Amino acid sequence: MGETIRVPLGETGYEAFPLILGAAEFGWNVDLETSHGLLDRYMEFGGNAIHTADGFSGGRSEHTIGQWLRSRGRRDRTLLSVRIGAHADNPGLGSVNLVRAVEGSLTRLGVERIDVVYLDATLDATTNLEDTLATVEWLAEAGKIGALGAYGFAPERLVEARILAAAGYPRIHVIDAPYNLVRRQPFEGDLRLVAGAQNLAVTPSHALEHGFLSGRHRNKALTSRGVRGEQLRGHLNRRGIKILRALDQVAEELGVPVAAVSIAWLLAQRTVAAPIVNAFAADHVDELMQGAGVSLSRSQVAELTRAGN
């Protein structure tokens, strides 16, 4: 249905459906069969962009996507992005580990090229950026990667990267920053200013804040145990309830699910191109995909924004 709905991914030359299906749960909380079902459902709605990371489930997420690509013959119609730098065997952004990490991802995915590679700086904020970008240049010339993105980069490091790009090194075109109605900082600061000034496409991860912004979790006693349960319970406070009530109101006005409104709010934000969203079941995909077709009024955007202030 949405095969004609595409947005430019910054200045990469790629176009994506305005909702990217994340694969963080594949091989961890979602088994192989269910994962493939989620990918099928997403594509049935016209989606074309899949995001994973070399560190997700120790690489099992990439294996799952690779098996799906081969069994469905969808590689040429899929925009594939991978966050590199957090795999236990090849951590960081040093030249040797970066090459090994990309080769490892290509092998697990069973593809010859990754369309968008996000450099993950969360485990490595000290490697010389010039060396990293020189390695990226070699990988791009070898046809192993297409466009360049960044994750966990401080604003000043993005500025440094742009200065190096002016000297001929590969340019960062996309950034992934955790961002949503609940988690407004640190993106709504220098990072957003730099993204706007450099015309970077923002593909925010954690778009539903571990499922809290889907509206499904409203009772501390009923939330699951473990890390995710703690994260959800942490949001069930005065501010979190206020945000959920604002989402409920807009969802009722528009006749769409709460999750769709959460996605629509993100898409209404300047610099945001396509949120990255994980799903556990096919009905989650159905709800999320509606967010790409929801147009919020200025007053609705303002009300939702105020709820989270």
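Note that the structure is predicted; figures quoted are calculated from it, not measured.
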Passing option when [X] is tested against [options] for side-chain contact (heavy atoms from CB on, under 4.5 Å):
X	options	value
Tyr179	Ser205, Pro204, Pro186, Pro275	Pro204
Phe153	Ile175, Leu119, Val159	Leu119
His51	Val82, Leu21, Asp176	Asp176

[X] and [Y]: which non-hydrogen atoms are nearest, and at how many Å?
X	Y	value
Asp54	Gly85	OD2-N, 3.3 Å
Ala121	Leu93	CA-CD1, 4.2 Å
Leu267	Ala292	CD1-CA, 4.0 Å
Gly110	Arg70	CA-NH1, 3.7 Å
Arg6	Gly46	NH1-O, 2.9 Å

Is there a path of hydrophobic side-chain contacts, each under 4.5 Å between heavy atoms of I/L/V/M/F/W/Y residues, joining Ile145 to Leu133?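 Same hydrophobic cluster.
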
Does Arg83 count as lying over the ring of Tyr118, i.e. NZ or CZ under 6.0 Å from the six-ring centre, within 45 degrees of the axis? no

Report the C-alpha separation of Thr34 and Asp31 in whole Å, then their side-chain angles, then the decisive distance to 0.1 Å, and conclude whether the side chain to side chain contact (heavy atoms under 4.5 Å, CB included) test is met. CA-CA 5 Å; Thr34 303; Asp31 62 25; 2.8 Å; yes

Mind running side chain to side chain contact (heavy atoms under 4.5 Å, CB included) on Asp124 and Thr126 for me, showing each step along the way? CA-CA 6 Å; Asp124 184 355; Thr126 60; 3.6 Å; yes

Pairs satisfying side chain to side chain donor-acceptor pair (under 3.5 Å), at least one member in residues 261-274, at least two apart: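 Matches after skipping sequence neighbours: Trp265-Thr305.
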
Less than 4.0 angstrom from a charged side-chain N to a carboxylate O is my criterion; do [X] and [Y] meet it?
X	Y	value
Arg113	Asp115	yes
Arg216	Asp283	yes
Glu44	Arg41	yes
Glu62	Arg108	yes

Hey, are Arg184 and Asn309 close enough side-chain-wise for a donor-acceptor pair under 3.5 Å?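 Arg184 and Asn309 do have a side-chain donor-acceptor pair below 3.5 Å.
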
List the steps and the verdict of side chain to side chain contact (heavy atoms under 4.5 Å, CB included) for Gln67 and His36. CA-CA 9 Å; Gln67 290 174 307; His36 285 189; 4.0 Å; yes

Any donor-acceptor pair under 3.5 Å linking the side chain of Asn180 with the backbone of Leu208?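 No, because the side chain of Asn180 does not come within donor-acceptor range (under 3.5 Å) of the backbone of Leu208.
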
Given 3.5 Å as the limit, does a donor-acceptor pair link the side chain of Thr12 with the main chain of Leu9, or not?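 Checked: pair present.
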
Atom OG1 in Thr64, atom CD in Glu33: separation rounded to 0.5 Å?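 Answer for the OG1-CD pair, Thr64 versus Glu33, is 12.5 Å.
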
Output, in order, the C-alpha distance, side-chain angles, deciding distance and verdict of side chain to side chain contact (heavy atoms under 4.5 Å, CB included) for Leu191 and Val202. CA-CA 10 Å; Leu191 192 55; Val202 180; over 6 Å; no

